[in-house]
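Have a look at the structure below before the remarks.
The figures here come from the full heavy-atom set of this structure, side chains too, leaving out hydrogens, waters and symmetry mates. Lettering of chains follows the sequences in order, A, B, ..., and the numbering in each one begins at 1. As the structure is a computational prediction, the values presented were derived from the model and not from experiment.
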Amino acid sequence: MVNSQIQTENSQQQILIGKIQAIFFENSDNFYKVLQVKLLEADFTWPEEEIVVTGNFANLSEGEKYRFFGHLFEHPRYGKQFQAENYQTELPTQTTEIVNYLAGENFPGIGQKTAERIVKVFGTATLTKLQQDPASLSQLGLSKKQRQTLIDNLTNTGDQQQAVIELNRFGFGSQLTARIYEHFQKETLAVLHHQPYRLAFEINGIGFKRADRIAEQQQIAADDPQRLQAALYQSVYDLCHNTGDTYTSAPSVMQQAMDLLLRSRRVTLSEKQVADQLVTLAADGKIVVEKRRIYLRHYYEAEWKIAEQIKTLLQRPVKLPEKKVQAIDKLLTEIALQLKITYGAEQLQAIKTALKNRLLLITGGPGTGKTTIINGIVALFAAVHDLSLDANDYQTDEFPIVLAAPTGRAAKKMSETTGLPAVTIHRLLGLNGSDGQDNYQANENLTLASQLLIVDEMSMVDTSLFERLLAAVPTSMQLILVGDQDQLPSVGPGQVFADLLACEKLPQIRLEKIYRQKQSSTIISLAHAIKKGILPADFTKNQFDRSFIACSEHQVESAISQIILYAQKKKLNLNDVQVLAPMYRGQAGIDHLNVILQNLVNPKGTKTKELVANQQSFRIGDKVLHLVNSPENNVFNGDIGQIVGINLAQDNPQKPDQVIIDFDGNEVTYLRKDLTKIKLAYCVSIHKAQGSEFKLVILPLVNMFHRMLNRNLLYTAITRAKKMLILLGQKEAFQTAVDHVSVNRKTSLLERLSQALRVKQSQQSISLSQSSINHGQTSINEETTKYILTSQLIANEEIDPLIGMNGLKPIDFKHKN
DNA sequence: GAAATCTC
């Protein structure tokens with residue numbers, strides 16, 4: 001956030017004027033700072049002299065006065081503080097203050113004496129006078145440099161001020177403005193005026209269109225090479241991020257880019273012109289072309305790094321003393337007794353294998369005992385290595401076992417089921433949202449210190465995140481990756497878990513046996529059939545635990561209403577009943593069903609307390625879904641709670657609007673502005689339900705959802721049902737879902753793994769028997785010569801950037817360690 | 001067309 005206009009559109013905004021006493025904390029990546037501020041003036045009451053202010057601030061000086069715009073906020077851990085959304089320098093008005101200000105660090109070369117002299121002439125009006133009439137400075141006998149310093153800082157002609165003004169003029173908000181200036185520094189203006197497309201390449205959050213609008217104002221021609229390159233780059237990016245593929249093809253990129261260029265400015269360009277720039281882009285190393293694939297450089301490298309790091313890990317086998325190995329079975333028996341669990345053969349096998357391998361993949365559907373196995377692994381690992389699992393024993397040392405998951409909710413679940421701390425992978429690696437996934441340089445030197453890392457819900461980990469995770473894993477660590485490969489794929493490009501499992505050389509265990517449900521469950525057999533791409537003939541036939549109701553899109557709401565009423569009559573707890581749907585829009589969509597069900601189950605009576613926010617009404621008793629992670633409240637994205645209290649400001653003017661929500665015994669208070677984090681949850685999206693289970697699931701699928709329908713989605717939805725499943729809608733919609741294979745993204749991770757691991761094997765065989773070296777193997781060695789891809793190599797035409805070329809050599813992106 | 005991550 002940089003000095004900018006007072007926001008007037010938000011009438012609820014509070015204002016605070018204060019002097020910065022200290023900067024408690026700052027995150028160098030995104031300008032997030034925590035300040036201690038001496039309060040001078042505010043439009044709210046505050047009992048103390050000081051207040052903590054948080055927000056994103058570009059450049060602040062301790063001791064200076066600022067005007068902050070934002071909200072008071074009750075932080076559960078740090079108490080009441082002010083969250084600033086915007087700020088500006090507050091110019092001093094008293095003569096002594098003005099003197100101090102001018103003599104301060106903002107005006108190098110102006111001392112106390114000079115400052116006094118200036119203020120003596122202009123008095124309290126000094127600053128406005130100098131701003132409005134800089135020429136008046138000439139009468140004071142200052143040096144040229146002093147005059148310039150004053151003018152620059154007071155009249156916004158300094159580098160930064162000008163850049164900021166220019167950025168604001170182009171419509172950038174305070175956060176982007178700060179990021180852009182921090183990135184380009186003194187170059188900012190030059191970049192804006194002459195190379196605006198660099199914004200699209202280098203700043204996360206700025207795309208081609210935005211850069212192109214600036215370029216157009218700078219009269220940069222529609223066929224300027226930098227424009228074409230930016231559009232091509234954006235197209236590769238968009239294609240990969242929309243499809244989940246880690247690479248795309250030349251025809252797709254060309255089509256997308258031509259389209260983008262034409263839509264942004266109505267100027268027709270020739271394909272040849274644009275194609276030429278694709279080659280340049282590859283030559284510059286911004287994209288990588290291999291065979292017929294076009295990668296963003298980041299994903300190309302990430303796949304290689306993953307493969308190489310896995311190879312490195314596998315090269316260092318786990319050495320367990322013979323004595324310990326012999327004790328394993330005995331220890332496992334003790335653990336089973338202690339945890340009161342009877343392990344199945346498959347589970348014992350998984351736990352033992354985990355202990356002996358550097359890397360192990362474990363995949364299994366719901367009910368196959370993944371959690372039980374994780375618990376077993378933790379217990380056995382601790383027993384074998386004589387480790388304490390009491391966090392109090394590790395006040396200073398790193399806890400030896402780390403549990404992590406890609407989502408906050410999955411991490412919370414892990415922590416609950418194991419009784420050990422678990423974190424999100426992002427938190428583990430110290431990643432924060434503002435440097436996006438493609439900024440993979442950050443934290444490259446981080447190395448995790450624990451001995452065992454277990455990651456759950458691996459199917460949700462994408463290529464970028466996994467690459468960063470592996471970069472932090474030392475070869476001394478053991479890594480267990482657990483998930484269900486048939487669930488929904490990751491948001492970002494890649495299908496890491498599926499690719500890893502497809503690589504037969506990686507130690508892996510596939511859990512088939514279902515422990516939780518009776519084998520007779522027809523929900524499970526239906527799930528298995530769907531996994532194989534079959535919609536069984538008995539699909540519409542009612543079973544003891546599932547049924548199908550044929551209806552049209554418009555009949556869905558009444559059909560579901562009747563089911564719910566029936567469930568109520570049968571005294572079923574409605575918290576155990578969950579409606580799932582793929583999409584928000586439409587008659588059978590989530591939003592509409594939520595309104596219908598809310599009015600059915602929790603209608604508005606004459607005395608019902610209700611709060612309306614974001615076009616939704618919230619009433620006491622409503623079932624709601626929390627949409628972001630709030631670890632401080634122990635509430636995570638995807639958690640479902642119930643509204644147990646509403647306080648309205650109109651009833652009690654001393655208190656603001658409040659909604660109190662109970663999450664399984666944990667009561668959390670929401671203010672009006674927090675209600676954006678909440679949605680009605682009578683019906684939730686299948687994506688949000690991933691990771692949760694319900695006794696009764698009601699799943700409407702209609703043809704209108706067809707773009708969303710695929711096998712993983714259907715599998716994920718029906719496996720949320722523990723006891724009962726009611727399917728309704730159009731039969732063809734279910735068929736469409738089964739027929740459409742979703743985890744079939746275009747990636748080259750499997751190929752990289754094969755390449756990397758083949759090298760390892762050939763090296764091993766060479767070391768085993770020197771005589772086996774022959775011409776064939778020499779060529780393998782040659783092929784595997786390690787080098788880093790550089791533009792020099794491309795320039796030397798060792799790597800041909802032209803589309804359709806062949807024979808790119810494996811590249812070693814080995815991690816250090 | 002839905003979807004994850006976030007600092008004291």
Side-chain angles (χ1 to χ4, degrees), chain A residues 22-37 51-57 73 75-84 175 204-205 238 241-244 404-412 423-440 442-443 455 457-466 468-469 487-496 580-586 589-591 625-632 636-638 677 679 684-691 704-710 712-713 716-717 737 740 742 745:
Chain A
I23 300 173
F24 277 159
F25 170 85
E26 57 183 304
N27 178 337
S28 55
D29 288 335
N30 62 1
F31 311 102
Y32 177 85
K33 290 183 181 69
V34 181
L35 318 168
Q36 166 139 319
V37 172
I51 184 165
V52 172
V53 178
T54 65
N56 292 285
F57 310 100
F73 171 70
H75 194 292
R77 208 150 94 221
Y78 307 105
K80 251 201 171 141
Q81 47 184 230
F82 192 82
Q83 281 184 344
Q175 238 195 79
N204 225 307
D238 289 347
H241 285 256
N242 290 338
T243 57
T407 67
R409 202 174 136 63
K412 178 190 177 187
V423 289
T424 62
I425 298 174
H426 293 80
R427 232 166 222 253
L428 184 68
L429 300 178
L431 306 176
N432 55 51
S434 73
D435 62 56
Q437 290 188 2
D438 300 330
N439 180 4
Y440 52 100
N443 276 293
V455 180
E457 295 286 3
M458 254 308 281
S459 63
M460 288 195 260
V461 175
D462 66 31
T463 304
S464 277
L465 187 61
F466 193 56
R468 291 222 218 159
L469 179 67
Q487 290 205 31
L488 296 167
S490 59
V491 174
Q495 46 180 11
V496 176
L580 303 178
M583 257 173 62
Y584 286 96
R585 265 189 20 224
I590 298 159
D591 289 336
L625 176 74
H626 186 82
L627 301 166
V628 296
N629 285 346
S630 311
E632 70 280 3
F636 295 85
N637 188 351
K677 300 172 189 163
K679 240 182 188 318
V684 304
S685 73
I686 297 170
H687 280 84
K688 287 280 183 208
Q690 170 150 320
M704 189 253 165
F705 297 152
H706 76 276
R707 285 193 67 178
M708 285 294 300
L709 300 176
N710 63 59
N712 289 55
L713 188 87
T716 305
H740 188 214
S742 43
R745 295 179 167 183

Note to self: Ignoring hydrogens, what is the shortest heavy-atom contact between His740(A) and Leu709(A)? Give both atom names and the distance.
What the structure shows: ND1-O, 3.1 Å
Next item on the list: Take atom CD1 of Ile425(A) and atom P of dC6(B), then tell me their distance rounded to the nearest Å.
Entry: 11 Å
Next item on the list: Among dT5(B), dC8(B), dT7(B), find the nucleotide with the atom closest to the side chain of Val34(A).
Entry: dC8(B)
Check: Where the side chain of Arg707(A) is defined as all heavy atoms beyond and including C-beta, which of dC6(B), dA3(B), dG1(B) is the nearest nucleotide?
Finding: dG1(B)
Next item on the list: Could you tell me whether the side chain of Asn710(A) and the main chain of Ala737(A) form a donor-acceptor pair under 3.5 Å?
Entry: no
Margin query: Considering every strand and a 4.0 Å limit on heavy-atom distances, what is the contact class for Gln690(A): base, sugar-phosphate, or nothing?
Written below: nothing
Checklist line | Partners passing side chain to side chain contact (heavy atoms under 4.5 Å, CB included) against Arg707(A) (at least two apart in sequence or in another chain) | finding: none
Notebook entry, point to check: If only atom types and distance count, is the side chain of Asn629(A) paired as donor or acceptor with the main-chain N or O of Pro631(A) below 3.5 Å?
Noted result: no
Checklist line | Interatomic distance where CG belongs to Asn629(A) and P belongs to dC6(B) [whole Å] | finding: 5 Å
Item checked: side-chain N/O Tyr584(A) vs dA3(B) OP1/OP2, d < 4.0 Å -> yes
Note to self: Between P on dT5(B) and NE2 on His626(A), what's the gap in Å once rounded to a whole number?
What the structure shows: 10 Å
Margin query: Let's see if you can work this out: which of dA3(B), dC6(B), dA2(B) has an atom nearest to the side-chain heavy atoms of Val491(A)?
Written below: dA3(B)
Next item on the list: Provide, to the nearest angstrom, the distance between the CG atom belonging to Leu580(A) and the C1' atom belonging to dA2(B).
Entry: 14 Å
Check: What integer distance in Å separates Arg745(A):CZ from dA2(B):C1'?
Finding: 11 Å
Note to self: Closest approach to the side chain of Lys688(A), judged atom by atom: which nucleotide of dT7(B), dT5(B), dA3(B) is it?
What the structure shows: dA3(B)
Next item on the list: Would you indicate what Phe705(A) reaches in the nucleic acid, counting non-hydrogen atoms under 4.0 angstrom: base, sugar-phosphate, or nothing?
Entry: nothing
Next item on the list: Using a cut-off of strictly less than 4.0 Å, decide whether Ser685(A) has a side-chain nitrogen or oxygen near OP1 or OP2 of dA3(B).
Entry: yes
Notebook entry, point to check: Short question: side chain of Thr463(A), backbone of Pro493(A) - any donor-acceptor pair under 3.5 Å?
Noted result: yes
Margin query: Tell me whether the side-chain N/O atoms of Ser490(A) come closer than 4.0 Å to OP1 or OP2 in dA3(B).
Written below: no
Notebook entry, point to check: Which of the following nucleotides, dG1(B), dA4(B), dC8(B), is nearest to the side chain of Thr407(A)?
Noted result: dA4(B)
Check: Atom CG of Leu627(A) and atom P of dA4(B): how far apart are they, to the nearest Å?
Finding: 9 Å
Margin query: How many whole angstroms separate atom CD1 of Ile51(A) from atom P of dC8(B)?
Written below: 19 Å
Note to self: Side chain of Met583(A), heavy atoms from C-beta onward: which of dC6(B), dA4(B), dA2(B) has the nearest atom to it?
What the structure shows: dA2(B)
Notebook entry, point to check: Could you state the CZ-C1' distance from Arg409(A) to dA3(B), rounded to the nearest angstrom?
Noted result: 15 Å
